[in-house]
Structure formats: C-alpha cells, structure tokens
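This report concerns only the one structure given below.
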Amino acid sequence: MVSDFLGLIHQKTIEVIRSNVKIEYCLSYPDPYVAQQLLLKIMQKLNDQVTLIPRSKAISLYCLRTFDTLIHLKQRYLVCDIGSDTTSAVEMTIHQSKFWYDIQSVTAPVSFSTVDASFKSYVEKLPWQPSPQIVNTLVDIFTREFKATFTGTQEFDISGTLSKKGIKVDSCKIDAKTLSSFFSPVITSLLHTYTPALERVFLTGAYGAHPLLMTAIHQKNHFVIPPDSPISHGTLYAYQEMNADLPVLVKPVPVYSVEPAIPTHTDVYVGLDFGTTFSGCAYAINKNNKMSEIKEMKDWPRGTQDIQNKVPSALTYKLDKPNDWGYRAKSKHLTNTETLVEYFKLLLLTTPREYSVYEEDMVLRTNHLELKEIVADYLEFLDEHIKARIKKENFSLMDRFTSTLRYSYCIGLPSLCTQESREMIREAAIMAKLITKEDKLWFIREPMAAALCSEHTRFILVDAGGGTVDICGFDLDKINGVPYWKEICDPISGKCGSLFIDTKFKVLLQKYFKENGISVKSEDFKNIVDQFITVQKVQFKLDGRTEFPIKFKLPPTIKVTRRTPGIENGYLIFTHQRLEQEVFAPVVDKVIGMMTKILNEVSASYPILLFGGFGRSSYLLQRISKAFPQHSVSCPRKDDSAVYMGACSFLVNPRLVTERVANQNYSIEVADIYSDRDHQIVSTYKGKAFMSKHINALILGQGQPVVRGMKHKVQVSVEYPKKAVFVIYGSKGPYSRYFTDEHHPLFHTTLTTSHVIKKTPKSIVVPKQGELILYDVILQLTETDLVISIHCISGTWLPITHTLIGQGGWDTRLVK
C-alpha cells in the first residue's frame with residue numbers, strides 16, 4: 001500500500017514537471033518511526049536520490065525560517081509536533097547566527113491516540129456491555145467530534161449520541177472528571193518536556209492547540225503553528241541545508257554606475273501630483289537652454305474658483321469606455337450605462353486584504369476594468385489637457401507644434417507606493433502616450449517634493465492629502481561647505497487622509513437616517529455630503545463648546561416631520577461633540593499616532609509644517625498643536641501645490657537630490673580568515689589558514705551613499721562540488737562583525753556547485769574536486785525595495801535574482 005501510494009506521487013511529479021530532469025526526493029516522516037528503512041527501500045526503487053528527514057526537524061526549520069522574529073541567539077526552544085497518532089519533541093539551540101543551530105530529540109511524550117484507547121476501554125466496561133459495533137461507533141464520534149474541543153468541563157452523552165444514530169439505550173453519560181482522566185497522561189507527559197531554560201515552545205499538529213494543553217501552559221511562552229502550515233517547506237529547508245557549507249569571503253568589490261542625468265533635449269518639464277482626490281501640475285519650458293520660471297496649471301475644464309489649481313482624480317465610463325474626467329465627471333448626472341470611478345489611486349497602495357470601504361467600492365465598480373487601464377485613461381485625459389494649455393499659455397515661447405515638443409515627467413507618490421506600483425504607473429504612462437518604452441518616467445516621494453518648497457532649515461513635514469498622510473523630518477546640514485537636506489528619521493506613511501473623514505461622515509449619516517426611518521435618495525444623500533466636504537469639514541475646529549450645533553440644509557425632497565429628532569426648520573443638526581467623536585477624531589488620532597512615533601526619534605523641538613489639502617484643516621492643526629505643545633505648528637502654504645511644484649523643481653534641476661544613503665546595514669553570512677577577535681566563533685582549519693564561521697560580512701552600510709542604479713557587490717567562493725547557504729541580513733545601527741538579535745534574515749537560498757561547468761572555445765570542462773567556484777552577490781536598492789542577484793563567475797549557471805518588496809529603501813539628502 002505504501003509503495004503504491006508513493007508510486008502515484010512519483011508519477012504525478014513527473015507529469016507536473018514535464019521535463020526529463022533529475023528528481024531528488026526528501027521525505028519527512030513521523031518520529032519515532034520504526035519503518036524508516038522500509039520507507040527508504042520503497043522510495044529507492046522509485047528513485048535513487050532519496051533523503052529522509054524527521055518531521056520534527058522539518059518543523060524546527062520551518063519555525064526558524066518563518067518565525068525568525070520570535071527566535072533569538074544563544075537560546076533554547078522546544079518544538080512539539082502533536083498529531084493524532086504520534087507525538088514528537090525536539091529541542092533546538094541557536095548559536096552564533098540563526099543559521100547555526102543544534103536539534104536534539106527529547107523523550108517522546110505520550111500521544112493523543114492513548115486518549116482513544118482509554119475512552120474505548122471505559123466504554124467496553126460499561127454495565128450494559130455495549131456490542132463491539134456500538135463501541136466502535138462511540139469511539140469514532142468521540143474522536144471526530146468531541147476529543148479536539150474538550151475543555152475539561154463538558155460531559156459526553158452516550159445515550160444522546162446513539163439516539164442520533166437510531167440506537168436507543170438507557171440514559172448514560174461520561175462526566176467531565178472521568179473524561180479529563182483520559183487526557184491527563186498526555187498533558188502531563190507534554191509538560192514534562194518543558195524546562196525553565198526554554199525561551200519559547202512551538203506547538204503544531206492536529207492537537208497542538210488543544211484547549212486542555214492551552215490551559216495547562218497558559219503561563220508559559222508558547223506559539224501555536226497552524227496545523228495547515230506548509231511543513232513541506234521545512235522539509236525542503238532541511239534537505240537544502242544538509243551538509244551545506246557557508247560561502248567563504250573573497251573580497252568586497254563595490255561597483256558604481258552613474259545615475260542617468262535628466263535628458264538635455266527636453267523642451268517641457270512637467271511635475272505631477274497624482275492624488276487620491278485631486279491631481280495637480282506644474283511645468284517649466286526650456287527654449288534654447290534657457291529655462292522659464294515654474295508655472296502652475298490653474299485652468300481646468302469647468303474648474304471653480306474654490307479649487308482652481310487642481311482637478312479631481314475622477315473618470316466616468318460608459319460601457320467600460322472612458323467618456324469624461326475631472327470636474328465634468330464629478331458633476332455629471334450618470335445614466336444606467338455610466339459609472340463614476342474615483343479614489344482609484346488607493347488601490348495602488350495596498351493589498352486586497354487591507355481594502356478600506358472606499359477601495360472595496362472601487363473594486364465592485366471596476367470589476368470589468370484593470371487598474372492599469374483606469375490609471376492610463378486618467379493620465380491620457382490629464383496629459384492631453386496639459387499639453388493643450390501649455391501651448392496656449394506659452395505661445396510666444398514656442399516655435400513648434402505641440403506634437404513635436406519633447407516632454408519629461410516626474411510624478412510625486414506617497415511613501416507607501418511600492419516598486420510594483422511604480423512599475424504599473426510607468427506601464428500606464430506608456431499606454432497613455434506620456435512616454436515611450438525608451439523614455440524615463442521620474443518619481444519623487446511626496447515628502448521630498450514638499451521639502452523642496454520649504455523655507456525652513458529644520459522641520460517635521462506632514463504631507464496630509466486626500467488619501468494618505470506622509471510624515472518625515474528634515475535637517476539642513478553641510479558637507480565640505482555644500483548644504484544638503486538629510487532625513488532625521490525614517491518616514492512614515494498611512495492611509496488616513498481627509499477622504500476617510502468623508503467616509504466616517506457618510507457612516508454617521510446612514511446611521512441617522514436608518515435610526516429615524518427616513519428614506520433618502522442617493523442624489524439627496526450626496527447633496528448633504530457635499531455640504532459637509534465643501535463647508536463644514538473645512539471650517540470645523542477644536543471647539544470647547546461641545547453642544548454647539550452644526551447644520552446641514554436638507555433637500556426639500558426629504559420628507560420629515562416636526563417630531564423627527566435632529567431636524568429643525570429644514571436643517572439636519574449634529575452637535576460639535578458628536579461630529580468630533582464619530583467623524584474627525586478617529587482619523588486624526590491615527591495621524592497623531594504616526595507623529596508620536598516620528599517625534600520619539602527626534603530629540604530637538606523641531607517646528608511642524610503641514611502641507612497638502614488636508615494640511616489646511618484647522619482641526620488637524622489644532623489637534624497637533626495640543627498633542628505636541630513643545631513644537632510650533634504651521635501651514636506655510638495656503639494651497640496644496642507643494643508636491644507638483646517640488647516635483648517640477650527636481651526635474652528641472654536633478655542636483656536638488658544629490659545624495660541618498662542606505663537606511664540599514666545589508667550583510668551576508670560567510671566564513672572568513674580567522675581574526676584574534678573571533679575566539680568565540682567556531683573555527684576550522686582550511687588549507688594553511690584558520691577560517692572563522694558565521695561571520696557577518698558587510699555589503700552596504702547604513703548611511704553609506706547610494707546612487708540610483710549603483711550595485712554593491714561582494715565576492716565569495718564555494719568548493720566544488722559542495723553546496724552552500726547564502727543568507728542576506730538586514731540590521732540597524734553600527735556594523736558588527738558578529739551576529740546579534742538585531743540581525744534579521746532578509747533572504748536565503750542554497751546553491752550547489754555540482755551543476756557548474758566551464759565552457760571554453762573548444763570544449764566543456766568540469767571543475768576539479770576542491771576547486772573554488774566564485775560567486776558575485778550583488779545588492780541594488782530602490783526607494784522601497786531590495787534587489788538581490790547571485791552570479792556564478794567561475795562557470796555557466798543561471799543567475800538568481802530576487803526582489804524583496806518593501807525591504808530596501810534609502811534616506812535622501814537634498815541640496816538647498
């Protein structure tokens with residue numbers, strides 16, 4: 001049976017791979033397992049490359065690689081695999097790094113299968129002597145429906161259980177005390193594996209989270225691994241790292257590539273603020289290498305005097321085809337075949353699991369459209385209008401048709417925006433014909449763009465927009481007499497813009513109408529919301545008069561009576577206190593929380609500057625002033641033009657951003673030449689030199705300058721035909737040659753040199769035994785991501801490239 005089952009798996013594997021390649025198997029088995037050799041013989045008949053790994057070791061490796069933040073150096077951990085038939089436990093000791101460990105088996109605890117045996121024995125001895133068929137039925141029901149959820153307080157109703165099966169017996173129950181005695185040997189056995197020296201206990205398996213076990217260990221530091229976790233990953237880790245060595249450090253070889261300059265043949269430089277609710281633009285014209293001043297785009301289709309420097313980030317679609325945009329889309333009376341699409345930028349900043357109410361609504365509205373297509377459609381409308389207005393407003397500066405002008409674009413984006421999202425925006429820009437595939441689309445973080453518009457020398461910048469709020473600190477410094485901006489803390493970004501205040505108000509409004517049984521048409525509901533957005537939200541202040549009434553004019557089509565609470569002379573009235581507690585405070589509290597984190601990193605009382613549309617909110621300014629009285633708070637710009645003006649400034653003069661620095665250390669675990677400092681590190685004799693294992697070799701240091709496109713490289717070697725584990729770590733603070741708990745693994749892979757061959761013009765050469773195979777480990781940073789590449793330079797083998805989303809990043813220094 002086992003042979004047939006494994007044979008089917010082998011056959012399926014060949015079908016899935018669909019290639020004539022060599023297959024190696026690694027099987028994890030329950031321990032203790034007496035038939036290891038039998039299993040090995042069966043598998044070897046199917047495939048000669050088979051390795052057996054105890055399941056407990058596979059689980060240990062899974063814990064180590066998946067929950068590394070819960071594991072600390074020089075500590076001991078217990079891993080218990082509590083299955084329905086077997087229970088095993090191993091003790092894991094972590095040494096100098098998280099990839100240097102010992103795993104030792106401990107006395108196997110009693111398995112939960114003994115509970116079934118005790119239950120069966122008890123039932124068989126009942127006075128009315130149940131038949132074997134009834135005994136087996138009760139055992140089956142107990143195992144499937146009762147055993148896993150027993151808390152120590154329930155009874156097992158034998159007569160009630162059998163009656164459901166059509167079997168009638170006299171009233172008979174097993175009390176909780178008797179049932180607990182069945183479980184007691186198992187729980188006691190498991191507790192005996194615990195020792196005070198253990199840092200943490202990892203529990204998994206079908207009964208790893210059993211209620212009785214959780215009650216018994218409630219005071220102990222434990223972590224439950226879900227039973228459906230992919231333990232097969234741990235099996236693969238164990239196999240890959242079996243007999244694997246560490247790469248030996250050869251030498252770090254930094255490679256620099258110069259950041260591309262802004263194209264000199266550009267005629268028009270365009271800075272864009274692609275916002276959640278509104279978008280804006282600034283531009284400068286280059287004629288005969290003479291740059292015009294930077295101008296704002298203030299003429300938008302059907303724009304109003306209240307908001308004339310920006311246009312709504314909105315589109316209407318008719319049968320999935322875009323037919324209008326901006327103000328016209330927002331004010332349009334939609335037909336049954338038309339759909340209003342807005343706030344779609346939020347979908348670029350998050351994953352579906354984190355969608356807000358607005359984002360879920362957008363997914364429903366755009367289920368026939370791709371996000372990239374929506375962005376492309378909006379950018380196409382925006383770009384057509386920008387180019388037409390530039391030609392009209394600057395006719396005297398131009399002597400060519402608009403179609404022949406060469407444009408460069410820089411878009412300001414929140415810090416939340418990932419490399420993947422920026423790539424999507426670039427592809428959308430190509431679809432919208434802003435750029436070609438050969439052109440560069442420039443991006444700048446919104447806080448950086450806003451900082452370029454500041455006249456202060458040191459400050460905390462809060463860029464509060466419709467969808468997101470970005471917070472960062474800047475300080476003006478000098479190096480060799482050259483002034484530059486440096487970030488004084490890690491930037492924080494969150495989805496807590498003014499749009500989410502609108503959401504809270506809509507929820508409050510819906511709640512009010514529902515409680516009072518008032519039927520409201522969608523256009524009337526929108527009318528009240530528009531009053532809130534255009535008047536009340538802007539004027540709302542932190543007021544001590546909590547009962548102060550705030551009024552909203554009701555459309556005449558809403559039918560109410562004189563007795564309807566909250567209605568007075570045709571006005572809907574909410575108290576100031578209710579609006580603050582249910583609408584404003586929940587959103588602004590998030591902003592205050594983000595600022596608290598930032599200010600905890602800043603020792604000086606830097607002034608706080610508010611930018612963006614939400615930054616002009618009196619309530620936001622007053623709340624921040626009240627929360628941080630030691631800091632002066634102001635809104636230096638009375639409009640929300642900072643991002644697109646700063647983006648255009650950067651595009652005109654890229655030297656505004658002269659230097660970026662890594663925001664953490666990046667290192668690789670290696671073996672290195674023995675040093676006198678390495679007396680606590682395990683060393684091995686290799687050739688004529690002692691080698692120290694588990695050394696933390698720096699690739700890129702925190703604060704080290706980073707040029708866009710720069711590659712940081714370290715060279716290592718591995719003996720042929722061995723395999724080695726490559727582990728990249730990240731850490732904050734001063735560099736250390738030795739590992740601490742501050743070092744967290746970012747990436748790991750195992751490479752084998754047995755596949756490496758050398759090609760010459762006339763032949764293919766296999767490396768000699770013990771020959772050193774050289775690898776280049778290359779790191780490249782983007783604003784948020786880390787790209788890791790491993791290239792074999794001693795022979796032919798496909799390079800490995802892996803992008804870690806959100807694991808990179810730099811701090812930026814700006815020339816003032």
Could you tell me which non-hydrogen atom of [X] sits nearest to which non-hydrogen atom of [Y], and how far apart they are?
{"X": "Phe142", "Y": "Leu179", "answer": "CE1-CD2, 4.2 Å"}
{"X": "Gly208", "Y": "Met214", "answer": "O-CE, 3.5 Å"}
{"X": "Glu582", "Y": "Lys504", "answer": "O-CB, 3.6 Å"}
{"X": "Leu78", "Y": "Val90", "answer": "CD1-O, 3.4 Å"}
{"X": "Val529", "Y": "Phe505", "answer": "CA-CE2, 4.1 Å"}
{"X": "Val725", "Y": "Val727", "answer": "CG1-CG2, 3.6 Å"}

- Message: Run Leu746 and Leu786 through side chain to side chain contact (heavy atoms under 4.5 Å, CB included) and show every step you take.
- Response: CA-CA 9 Å; Leu746 299 175; Leu786 172 66; 3.9 Å; yes
- Query: In terms of the angle between their ring planes, are Tyr207 and Phe112 parallel, tilted or perpendicular, with boundaries placed at 30° and 60°?
  - Reply: parallel
Check whether any side-chain heavy atom of [X] lies under 4.5 Å from a side-chain heavy atom of [Y], and answer yes or no.
{"X": "Thr114", "Y": "Pro185", "answer": "no"}
{"X": "Thr151", "Y": "Thr215", "answer": "no"}
{"X": "Leu198", "Y": "Gln75", "answer": "no"}
{"X": "Leu27", "Y": "Thr235", "answer": "no"}
{"X": "Val186", "Y": "Phe183", "answer": "no"}
{"X": "Leu499", "Y": "Leu346", "answer": "yes"}
{"X": "Ser28", "Y": "Lys57", "answer": "no"}
{"X": "Ile141", "Y": "Phe146", "answer": "no"}

- Where do His10 and Thr13 land on the side-chain hydrogen bond (donor to acceptor under 3.5 Å, both in side chains) test, with the steps shown first? CA-CA 5 Å; His10 178 61; Thr13 303; 5.6 Å; no
- Message: For Tyr729 together with Phe747, are the ring centres under 6.0 Å from each other?
- Response: no
- Any chance the rings of His210 and Phe150 have centres within less than 6.0 Å? no
How about [atom1] on [X], more than 12 heavy atoms from neighbouring residues, nucleotides or ligands closer than 6.0 Å, or not?
{"X": "Gln129", "atom1": "CD", "answer": "no"}
{"X": "Lys723", "atom1": "NZ", "answer": "yes"}
{"X": "Glu515", "atom1": "CD", "answer": "yes"}
{"X": "Lys732", "atom1": "NZ", "answer": "yes"}

- Stepwise side chain to side chain contact (heavy atoms under 4.5 Å, CB included) test for Asp170 and Trp128: CA-CA 9 Å; Asp170 293 336; Trp128 47 279; over 6 Å; no
- From CA spacing to verdict: side chain to side chain contact (heavy atoms under 4.5 Å, CB included), Gln104, Thr93: CA-CA 9 Å; Gln104 295 181 342; Thr93 305; over 6 Å; no
Between [X] and [Y], is any side-chain donor less than 3.5 angstrom from a side-chain acceptor?
{"X": "Ser522", "Y": "Asp524", "answer": "no"}
{"X": "Ser189", "Y": "His192", "answer": "no"}
{"X": "Asp175", "Y": "Thr178", "answer": "yes"}
{"X": "His694", "Y": "Glu669", "answer": "yes"}

Sidechain-backbone polar pair: [X] side chain, [Y] backbone, donor-acceptor under 3.5 Å:
{"X": "Glu199", "Y": "Leu73", "value": "no"}
{"X": "Tyr77", "Y": "Cys63", "value": "no"}
{"X": "Ser184", "Y": "Ser181", "value": "no"}
{"X": "Ser421", "Y": "Leu348", "value": "yes"}
{"X": "Ser111", "Y": "Thr86", "value": "no"}

Interatomic distance, [X] atom [atom1] to [Y] atom [atom2] [nearest 0.5 angstrom]:
{"X": "Ile59", "Y": "His233", "atom1": "CD1", "atom2": "NE2", "value": "14.0 Å"}
{"X": "Thr204", "Y": "Arg55", "atom1": "OG1", "atom2": "CZ", "value": "6.5 Å"}
{"X": "Ile217", "Y": "Ile187", "atom1": "CD1", "atom2": "CD1", "value": "9.0 Å"}
{"X": "Leu203", "Y": "Leu190", "atom1": "CG", "atom2": "CG", "value": "8.0 Å"}
{"X": "Thr143", "Y": "Asp116", "atom1": "OG1", "atom2": "CG", "value": "3.5 Å"}
{"X": "Ile167", "Y": "Ile158", "atom1": "CD1", "atom2": "CD1", "value": "12.0 Å"}

- Query: Are Glu91 and Arg76 close enough for a salt bridge, meaning some N to O gap below 4.0 Å?
  - Reply: yes
- Task: May I ask you to say whether Arg144 pairs ionically with Asp140, meaning some side-chain N is under 4.0 Å from a carboxylate O?
- Result: yes
- Item | side chain to side chain contact (heavy atoms under 4.5 Å, CB included) assessment of Arg578 paired with Leu508 | CA-CA 9 Å; Arg578 186 172 185 185; Leu508 173 64; 3.4 Å; yes
- Message: Could you work out, with ring pair (Phe, Tyr, Trp, His ring centres under 6.0 Å) as the rule, every residue matching Tyr512, not counting sequence neighbours?
- Response: Phe574
